[in-house]
Amino acid sequence: MESIISIKALSKRYQGGFEALRHIDLEIRRGEILALLGPNGAGKTTLISIVCGIVNATEGEVTVDGHDIVRDYRAARSLIGLVPQELTTDAFETVHSAVSFSRGLFGKPANPAHIEKVLRSLSLWEKRNNRIMTLSGGMKRRLLIAKALSHEPRVLFLDEPTAGVDVELRRDMWQLVRGLQADGVTVILTTHYIEEAEEMADRIGVINRGEIILVEEKTKLMQKLGKKQLTIQLQAPIETVPASLAGLGLDRSPDGETLTYTYDAAHEQPGIGDLLNKLNNAGIGFKDVHTTQSSLEDIFVSLVKDTR
Amino acid sequence: MNIHAIRAIYRFEMHRAWRTLTQSIISPVISTSLYFVVFGAAIGARIPEIDGVSYGSFIVPGLIMLSLLTQSISNASFGIYFPRFTGTIYEVLSAPISYLEVVISYVGAAATKSLILGVIILATAGMFVPLRIEHPLWMVLFLILTSITFSLLGFIIGIWADGFEKLQLVPMLIVTPLTFLGGSFYSINMLPPFWQKVTLLNPVVYLVSGFRWSFYGIADVSPALSLAMTLFFLAVCVAIVGWIFRTGYRLKA
């Protein structure tokens, strides 16, 4: 698939020597939703800030739809909308004038109809004449999104869009992002909430200590690294796993009350029926069985731990 | 040229001034009026004419310069410092806008406000003392050049400052003393010869002298030198702003 943002050998060393990014290579595909996951201080915000022109790169280059972000910054930046992590807004301006200001700043002629559409889609239209300082935190977050969408960007960066946002608003935001994707907008979001990435993303990039550890289709990632576990609760504790069941990789819990069987989610048919039959034949009765699939969260934690 | 962006920032800044009308227009006008009441009417009546101009009228150009300098600096420095302080500067940095356009819009707005203020103070002065303006075109030129130059200086201070204290430091500790000692309230010919020489190191002398010449045709230094020095300060500020943006100093990590 064609990429809209191309990041090559990007490094950032801050004054004082801190290396925030090390040799990042990343192709972002046109129209996708890419989630960047990583612990605090991993370099997510630095990466976004460089692409948007807020931070200078030390080395490497970035193009947005073929436009170099330094040489051809006007063309590159006018394609991008940025929703920053912090709730940085003016206080005294009204919602409507702040959003109109952003549109002008990005070189677009005034378009009240578009501003109205954006404000309505974020449930801010009723608040358009209110001063920003009177808004709640959630509304300020929506205002920042409205500002970023005011100039009809083709690429939207959402830096932790749902931090400190209630469940309902989070769902609204996901809805909005899907709507944007339907219009062909490429969305890059950083998040700590794995469920968000799991819910939203087409692809997932994991970044840790300034390096991209992996970028993968979400479904493939889940398959590749996801593990399933079958937990069997026994009617009576057993002392040892019977010989007829050895070699299947069953784990007996210390108290002997449960057996767990771990298998790869990618191979859905490891013969669970067979296993249960063998248990019956060995005369082991069970009360209950349940399976769990490792979430993206588990995958993420194990990935980040590995690179520590 | 990103005209829409220049207009957006310019209007935002002008709107800010309008919102803070008391602070940006009314308070300078009141403080200047107080100078007229004290120096023009109360004390001025006991001070002899200077070069055929009554003392009350004599101090008008200097007072306008005093407001112009301090207000240009505080307007422009606050205009750029505040977005840095709150973090809203991210939007300007991420916008498809060149550094030149950023300067034009912020400094243009600050200079406009200073000009408006200068004209208001001039009109206020006219209510207290008789005024005559011999070279109106030169007067306007000095007014515009000074507003732009000191708005640029304010812009530089607003980028250099890393706290509200520093924002006040330069206007309070440097510009106000230089203006008071720069012949705003006296002709430098009234000083002893040694201090006349020393005072020529003060850039404000040239601004006030040239400006006063455009009113009454009297000057401490030649008007051509005043103009040259004003243009020189302008060039210095432009060079510093150019350097700031080339290096991203205090704007981009």
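Here is how names work: the chains are called A, B, and so on, in the same order as the sequence lines, proteins then strands, and each is numbered from 1.
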### Query
Is B:Arg11 atom CZ crowded by more than 12 heavy atoms from other residues, nucleotides or ligands, each under 6.0 Å away?
no
#### Entry: Gap between atom CZ of A:Phe92 and atom OG1 of B:Thr20 - 0.5 Å precision
9.5 Å
### Task
Measure the shortest side-chain to side-chain distance between A:Ser49 and B:Tyr90 over non-hydrogen atoms and say whether it is less than 4.5 angstrom.
no
### Task
Look at atom CH2 of A:Trp174 and say whether more than 12 heavy atoms of other residues, nucleotides or ligands are closer to it than 6.0 Å.
yes
#### Entry: Under 4.5 Å from any heavy atom of chain A - which part of B:Ser98
both
### Query
Checking A:Tyr14 against chain B: side chain, backbone, both or neither under 4.5 Å from a heavy atom?
side chain
### Task
Decide if atom CZ of B:Phe185 counts as having more than 12 heavy atoms of other residues, nucleotides or ligands within a radius under 6.0 Å.
yes
### Task
Decide if atom NZ of A:Lys117 counts as having more than 12 heavy atoms of other residues, nucleotides or ligands within a radius under 6.0 Å.
no
### Query
With only heavy atoms counted, which part of A:Thr89 is less than 4.5 Å from chain B, the side chain, the backbone, both or neither?
backbone
### Query
Just how far is it from atom CD of B:Glu91 to atom OG1 of A:Thr88, taken to the nearest 0.5 Å?
8.5 Å
### Summary
The reported gap from CG in A:Asp90 to CZ in B:Phe82 (rounded to nearest 0.5 angstrom) is 8.0 Å
### Message
Any carboxylate oxygen within less than 4.0 angstrom of a Lys/Arg side-chain nitrogen, looking at B:Arg19 and A:Glu93?
### Response
yes
#### Entry: Top contributor to chain B interface from A:Gly104, A:Gly53, A:Ser100 [non-hydrogen pairs under 4.5 Å]
A:Gly104
### Query
Quick one: what part of A:Lys12 sits under 4.5 Å from any heavy atom of chain B, side chain, backbone, both or neither?
side chain
### Message
Between A:Ile54 and B:Leu93, is there a side-chain heavy-atom distance shorter than 4.5 Å?
### Response
yes
### Query
Quick one: does B:Ile97's side chain get under 4.5 Å of A:Phe106's, heavy atoms only?
no
### Query
What is the distance from atom OG of B:Ser94 to atom CZ of A:Phe157, rounded to the nearest 0.5 Å?
11.0 Å
## Note on the structure
Applying a strict 4.5 Å limit to non-hydrogen atoms, the region of B:Arg7 in contact with chain A is neither
### Task
Please round to the nearest 0.5 Å and tell me the distance separating atom OG1 of B:Thr88 and atom CG of A:Leu87.
13.0 Å
## Note on the structure
Under 4.5 Å to a heavy atom of chain B? For A:Ser97 that would be neither
### Query
Looking at A:Ala98, A:Ser78, A:Ala148, which has the largest count of heavy-atom pairs under 4.5 Å with chain B?
A:Ser78
### Summary
Between the CZ atom in B:Phe12 and the OG atom in A:Ser102, the distance rounded to the nearest 0.5 Å is 10.0 Å
### Query
Can you tell me if NZ on A:Lys108 sees more than 12 non-hydrogen neighbours from other groups inside 6.0 Å?
yes
### Message
Please check if the number of heavy atoms outside B:Met1 that lie under 6.0 Å from its CE is greater than 12.
### Response
yes
### Task
Determine whether B:Lys252 and A:Val55 make a side-chain contact, defined as any pair of heavy atoms from C-beta on separated by less than 4.5 Å.
no
### Message
With chain B as the partner, which of A:Pro84, A:Ala75, A:Ala76 has the greatest number of non-hydrogen pairs under 4.5 Å?
### Response
A:Pro84
### Task
Just give me the residue among B:Ser105, B:Ala95, B:Pro83 that pairs up with chain A most often, heavy atom to heavy atom, under 4.5 Å.
B:Ala95
